[in-house]
Number of protein chains: 2
Amino acid sequence: MAMSGTDPSRMREMNQLSVLWALRGTPPSTVTELSGRTGLSRPAADVLVQQLVTDGWAEVEEPGASSTVGRPARRYRFRATAGHVLGIDIGVHKILVMLCDLEGNLVQSLRRPADPQAGPDARLASVDQTIDDVLHKAGMAPADIWAVTIGVTGPVDENGRTIVSTPLPGWREADPIAHLRPRFTCPIRVENDCKLAAVAERWKGVAQDADDIVYLLAGLRTGAGLIIDGTLRRGHGGVAGEIGALKAVRWLNAPAHLSACPGVPSGAKPGDAAAWVFQAAREGDSAAKTAVQRYIRDLAVGVAALVLTLDPQIVVYGGGFSRSADLVLDPLRRELAKHCLRVPELRASTLSDESVALGALRLALDQVDTTLLGSRLAAPTAPQFS
Amino acid sequence: MAMSGTDPSRMREMNQLSVLWALRGTPPSTVTELSGRTGLSRPAADVLVQQLVTDGWAEVEEPGASSTVGRPARRYRFRATAGHVLGIDIGVHKILVMLCDLEGNLVQSLRRPADPQAGPDARLASVDQTIDDVLHKAGMAPADIWAVTIGVTGPVDENGRTIVSTPLPGWREADPIAHLRPRFTCPIRVENDCKLAAVAERWKGVAQDADDIVYLLAGLRTGAGLIIDGTLRRGHGGVAGEIGALKAVRWLNAPAHLSACPGVPSGAKPGDAAAWVFQAAREGDSAAKTAVQRYIRDLAVGVAALVLTLDPQIVVYGGGFSRSADLVLDPLRRELAKHCLRVPELRASTLSDESVALGALRLALDQVDTTLLGSRLAAPTAPQFS
DNA sequence: GGACTTAGTAAACTACGTAGCAATATCTAG
DNA sequence: CTAGATATTGCTACGTAGTTTACTAAGTCC
């Protein structure tokens, strides 16, 4: 709560930021609209937005055919293409790189299959290649990128290194930030995939209306991401949400109920096996129904621990298994009712497997917002370092 | 992140607030010091602080014998006695009312024993009496009170009513805010005792340096209060931290290990029994040592669930049993190491059983800060309503 | 008495708000 | 179909508020 004194030039800076924020996320606006949205007078909004245009933050749209009475108004819009950010999902089976502008409009997206056995060097080389392709197709250079966020499985420390365990072979030796640092001058951040998916769900998914969210990444591995008071929570050491590590919470075994179900086609990959069980349960196979029930019962204990701890508004069921949410949501809700004092709303994710990369984009955009548009308005160029 | 436009008069208001915040929590300051602390020029700080004096927010201290070279400076100080707040702990066995000024200096404190069997009406009548006594001894009227916060056991909803269960007989029927509303015009708030104790620990206890805290109220009942990113978290429905409700977390049974210990003097009250067991364990009694060990083992599961979920910086061991922290902390740390990915710092509370009332004071002060000293500077009088 | 610090005051600068006027379009009446 | 009324934008001039800078006066210690 430490406040600091203000002088006229700072006031102007704040008002300029105010106009900039009023410009963002809206259709091209007239000066009068900006004046109304910021609470500033029309002349003030006018000079401020013109300054934004000369600075490169905004663009003018000369009046065309007007639809209403009165002189047609010149319109201004946020120059979202002044900068771009990258969101990267480094998964076991795929690498996904997304590129969007400052308003979050997707510009380019590229997916490459990855060898599950590949070591960190090979995997990072593949990431490099995918980034190159995306930048090339978008006609951009690394210097045009203002922020990069990378999602990986497993807990991540503040330096972007994976700490405990991860299904990516040898990944604990990898240092993705050091690897990318020579190519990018902008901030680079690495974050856990569950946490990024949670962020994506609040940005473009089913949790846009909530500030307290527990996100479940349900698949062959189970994980969680927490958003509290609208902010992604990493915890003091970056391992918030890792309730699955508790022995009483059998998240490691929960998906095993599915692959152990009798009747699964022999030789099926674990992911396919789970899909088969869900489908069989949907068609009435009693063994499959039992397996799903056991899976949900084990899953519910961990969810209940998260819910009892945080009392969130929504629990989002995401990840690979969210395709089978129709089978899971109602029984899970019933299980939660047994454990919890107050059962939160339960929703199924509608984002596909792009959620991690989407969340990475959002975090990169947040980085830009705080660095360039936070309390000081900087020039519209790539910020340096991290 | 919605910013709003500013004009010169608002700028002055902000600067006045800035000076006020620079004045608080420091010894009486000269204008030059204020100027340095706020970043404002000396003349600006001068007129602003003089305005604060005429408004009643600050007091002048005419220069006495100066200790340094140069003309002795007039000093200004925050008028902490402009308003006061009440912090009330309604417990099973006691009622504690504390009164402090706007800087948190304790003015008056009064404790009354309470009948554990007393119903809500009798208990609230006793609260009324204690409030009256405190106000009388301090020479104040209810109108001098700017905020009231009450702590009770059990989960509390946003209207101050106890939701689920509570050891206070019949308390679910009680409506403390409605009861006190006729006497006070200021905001009244009711909060769970664990949450308040957590706040107290960060204010005056062992967790002043941390922003992510799990507070453990360990006694005959076990509870938790969470502070995340420096803010007390209630959860969406006010039941955050109630991990003890999970069946896999046997917090309800954990203290029973102590009272069930063989050798406990028959007829001892549960609290005395626990104290006896701790003392016996300290003296080497093996049965007592086993009982303590079992207690800690059960306690640790719930703590681990909280820690794995939130990854806090510190866990504070508070409540009635914190007197025996010497026996608990090390074994608890070892248990946590078995469960957790990262073991946070474990500290024993040093606040006595005043922690709930202290936390209530702090929350009431926070209320005053946001209402009167938040974004607008109001006149120094009691705020209205809640 | 000199050095150092604070207190108080006047002038200059900056930024916003209001008022007013010209420009540009649509609507309506004859 | 044309001309006036109406409405909205674009722009400039002026007044107000607040801060900074600069300067003078005042008080204490060495």
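Note on naming: letters A, B, ... go to the chains in the order of the sequence lines (proteins, then strands), and numbering restarts at 1 for each one.
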Nearest to the side chain of A:P43 - C:dC16, D:dG10, C:dT18? C:dT18

Would you indicate which nucleotide in C:dC16, D:dT19, D:dT9 comes nearest to any side-chain atom of A:A73? D:dT9

In whole angstroms, how far is the P atom of D:dG18 from the CD atom of B:Q51? 10 Å

When the distance from CG of A:L40 to P of C:dT18 is rounded to whole Å, what number comes out? 11 Å

Taking only residues two or more places apart in sequence, or in another chain, which ones meet B:E191 in a salt bridge (charged side-chain N to carboxylate O under 4.0 Å, His left out)? B:R189, B:R234

Which of C:dG17, D:dT20, C:dC16 is nearest the side chain of A:S41? It is C:dG17

Residue B:P72, side-chain atoms from C-beta onward, closest of D:dG27, C:dC16, C:dA7: D:dG27

Closer to the 5' end of DNA chain D via nearest nucleotide, is it A:D7 or A:T30? A:T30

Mind calculating the distance between CG (A:L48) and P (C:dA15) to the nearest angstrom? 10 Å

Measure the distance from CG on B:D46 to C1' on D:dG18 and round it to the nearest whole Å. 15 Å

Spell out, as yes or no, whether a donor-acceptor pair under 3.5 Å connects the side chain of B:R75 to the backbone of B:P28. yes

Could you check whether B:R74 gets within reach of a base, just the sugar-phosphate, or nothing at all, counting any heavy atom under 4.0 Å? sugar-phosphate

For B:Q16 and D:dA17, what is the distance between atoms CD and P respectively, to the nearest whole Å? 15 Å

Length of the CZ-P vector between A:R10 and C:dC13, whole Å: 24 Å

Rounded interatomic separation in angstrom, taking CZ from A:R12 and P from C:dG17: 11 Å

Nearest to the side chain of A:Q50, heavy atoms from C-beta on, is which of D:dC11, C:dC16, D:dT19? D:dC11

Would you mind reporting whether B:P312 and A:H236 have side-chain heavy atoms less than 4.5 Å apart? no

Quick check: on DNA chain C, is the nucleotide nearest A:P8 upstream (toward 5') of the one nearest A:R42, or the reverse? Name the residue that is more 5'. A:P8

Sorted by chain and number, sequence neighbours left out, side-chain contact (heavy atoms from CB on, under 4.5 Å) with A:A147 holds for A:V85, A:A364, A:Q367, A:V368

Verify the contact: side-chain N or O of B:N15 to OP1 or OP2 of D:dT19, cut-off strictly under 4.0 Å; return yes or no. yes

Just to be sure I understand the rule, does B:S9 reach a base, reach only the sugar-phosphate, or reach nothing, if contact means heavy atoms closer than 4.0 Å? sugar-phosphate

Rounded off to whole Å, could you give me the OH-to-P distance for the A:Y76 and D:dG10 pair? 6 Å

Donor + acceptor pair across side chains of A:D229, A:T231 (<3.5 Å): no

